[in-house]
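Quick notes on the structure that follows.
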Amino acid sequence: MQKFVLDTGIVLGYVRAAGYAEYVEKKYGLFNPPNIPLISIVSKGEIYSLAIQFQWGTGKLKTLDELLRKLPVVDVNDDQILHRYAEIDAYSLGRDPARSLPRGQTARGMGKNDLWIAATASVLNADLLVIDHDFDHLDGVFLEVIYIDQKLTATDT
């Protein structure tokens with residue numbers, strides 16, 4: 001069994017039927033047991049915001065609703081997730097007395113939503129699927145990050 005937390009960009013790709021979402025599905029089989037795809041409640045809020053910003057019509061909204069029905073949503077109102085959020089934030093800022101940033105890596109402020117998403121994946125011991133590099137510095141420290149290049153398609157597997 002493998003658990004995956006989907007960052008908002010991955011969810012967006014599924015809604016848009018993007019080539020990289022087809023790649024993800026073919027390579028990782030997210031919706032094939034025993035795999036478990038999950039999203040943070042934070043990503044659910046972000047994707048609803050994107051739907052408004054991009055003025056999605058009924059077709060895309062229906063696709064989104066169908067996708068969200070298949071994805072268990074993880075709430076962040078959990079003590080373990082709250083504490084991990086704090087640890088990841090302190091680490092990212094280079095202020096964690098228990099963990100130093102690797103040599104040559106500089107402190108960075110992460111977006112608060114990204115912190116929640118990373119903390120959720122970390123506590124669940126799930127791989128985090130992303131389309132950007134915002135989580136790279138956490139890979140192998142708090143969680144496993146799987147970067148998906150948006151240029152990939154199902155034929156690239």
Practice problem: Show your reasoning for whether side chain to side chain contact (heavy atoms under 4.5 Å, CB included) applies to Val130 and Val145. | Solution: CA-CA 7 Å; Val130 302; Val145 178; 3.7 Å; yes
Quiz item: In chain order, what residues pass the ring pair (Phe, Tyr, Trp, His ring centres under 6.0 Å) check against Tyr48, with sequence neighbours excluded?
Solution: none
Exercise. Verify the cluster assignment for Val73 and Ile36: are they in a single hydrophobic cluster under the rule of side-chain heavy atoms below 4.5 Å apart?
Key: yes
Exercise. Report the relative orientation of the aromatic rings in Tyr91 and His137; use parallel for angles under 30°, tilted for 30 to 60°, perpendicular for over 60°.
Key: parallel
Quiz item: Who pairs with Pro34 by side-chain contact (heavy atoms from CB on, under 4.5 Å), at least two apart in sequence or on another chain?
Solution: Met1
Practice problem: Tell me yes or no: between the side chains of Ser122 and Arg84, is some donor less than 3.5 Å from an acceptor? | Solution: yes
Practice problem: Check whether any side-chain heavy atom of Leu82 lies under 4.5 Å from a side-chain heavy atom of Asp78, and answer yes or no. | Solution: no
Practice problem: Determine the minimum heavy-atom distance between Gly140 and Glu144, stating which atoms define it. | Solution: CA-OE2, 3.8 Å
Quiz item: Quick one: are Leu50 and Thr8 in side-chain contact, heavy atoms under 4.5 Å?
Solution: yes
Quiz prompt | Closest non-hydrogen atom pair between Ala154 and Glu22, with its separation | solution = CB-CB, 3.9 Å
Quiz item: What closest approach, in Å, do Asp96 and Glu87 show between heavy atoms, and which atom pair accounts for it?
Solution: OD2-O, 4.0 Å
Quiz item: Passes side chain to side chain contact (heavy atoms under 4.5 Å, CB included), Arg108 versus Leu93? Steps please.
Solution: CA-CA 5 Å; Arg108 69 186 72 206; Leu93 295 170; over 6 Å; no
Practice problem: With rounding to the nearest 0.5 Å, note down the distance linking CG in Leu129 to CG in Asp7. | Solution: 9.0 Å
Quiz item: With a 4.5 Å heavy-atom cut-off, do Ser43 and Leu6 have their side chains touching?
Solution: no
Quiz item: So do the side chains of Val15 and Leu67 get within less than 4.5 Å of each other, counting heavy atoms only?
Solution: yes
Quiz item: Which atom names give the shortest non-hydrogen contact between Ala118 and Leu143, and what distance separates them?
Solution: O-CD2, 4.2 Å
Self-check item: Tyr147 side chain reached by Asp139 side chain, heavy atoms, under 4.5 Å
Solution: no
Quiz item: OG1 of Thr155 to OH of Tyr23: how many Å apart, nearest 0.5 Å?
Solution: 10.5 Å
Self-check item: Atom pair CG/CD1 of Asp134 and Ile117 - distance to nearest 0.5 Å
Solution: 9.5 Å
Practice problem: To the nearest 0.5 Å, tell me how far Leu115 CG sits from Leu138 CG. | Solution: 8.0 Å
Exercise. Please name all residues satisfying side-chain contact (heavy atoms from CB on, under 4.5 Å) with Ala18, sequence neighbours left out, ordered by chain then number.
Key: Tyr20
Quiz item: Which pair of heavy atoms, one from Pro37 and one from Leu30, lies closest together, and at what distance?
Solution: CD-O, 3.1 Å
Self-check item: Residues forming a ring pair (Phe, Tyr, Trp, His ring centres under 6.0 Å) with Tyr28, sequence neighbours excluded
Solution: Phe4
Quiz prompt | Verdict with reasoning, Phe54 to Arg16, per side chain to side chain contact (heavy atoms under 4.5 Å, CB included) | solution = CA-CA 12 Å; Phe54 298 150; Arg16 290 181 166 171; 3.2 Å; yes
Exercise. State which residues pass side-chain contact (heavy atoms from CB on, under 4.5 Å) with Ser49; sequence neighbours excluded, sorted by chain then number.
Key: Gln53
Exercise. Taking the side chain as every heavy atom from C-beta outward, state whether Ile148 and Ile10 have any pair of such atoms under 4.5 Å apart.
Key: yes
Quiz item: Taking atom CD of Glu66 and atom CG of Leu64, what is their separation to the nearest 0.5 Å?
Solution: 9.5 Å
Quiz item: How many angstroms lie between atom CG of Asp149 and atom CD1 of Ile131, to the nearest 0.5 angstrom?
Solution: 10.0 Å
Self-check item: Check: Asp156 and Thr153 side chains under 4.5 Å, non-hydrogen atoms
Solution: yes
Exercise. Please indicate whether Asn77 has more than 12 foreign heavy atoms, meaning atoms of other residues, nucleotides or ligands, lying under 6.0 Å from its CG.
Key: no
Quiz item: Of the non-hydrogen atoms in Ser40 and Val76, which two are nearest, and what is the gap between them?
Solution: OG-CG1, 3.9 Å
Quiz item: Step by step, would you call Met110 with Asp89 a side chain to side chain contact (heavy atoms under 4.5 Å, CB included)?
Solution: CA-CA 7 Å; Met110 288 183 71; Asp89 192 27; 5.6 Å; no
Quiz item: Does the side chain of Val74 reach to within under 4.5 Å of the side chain of Ile39, using non-hydrogen atoms?
Solution: no
Quiz item: Is the closest basic N to carboxylate O distance between Lys62 and Asp65 below 4.0 Å?
Solution: no
Exercise. With sequence neighbours excluded, tell me which residues meet ring pair (Phe, Tyr, Trp, His ring centres under 6.0 Å) with Tyr85.
Key: Trp116
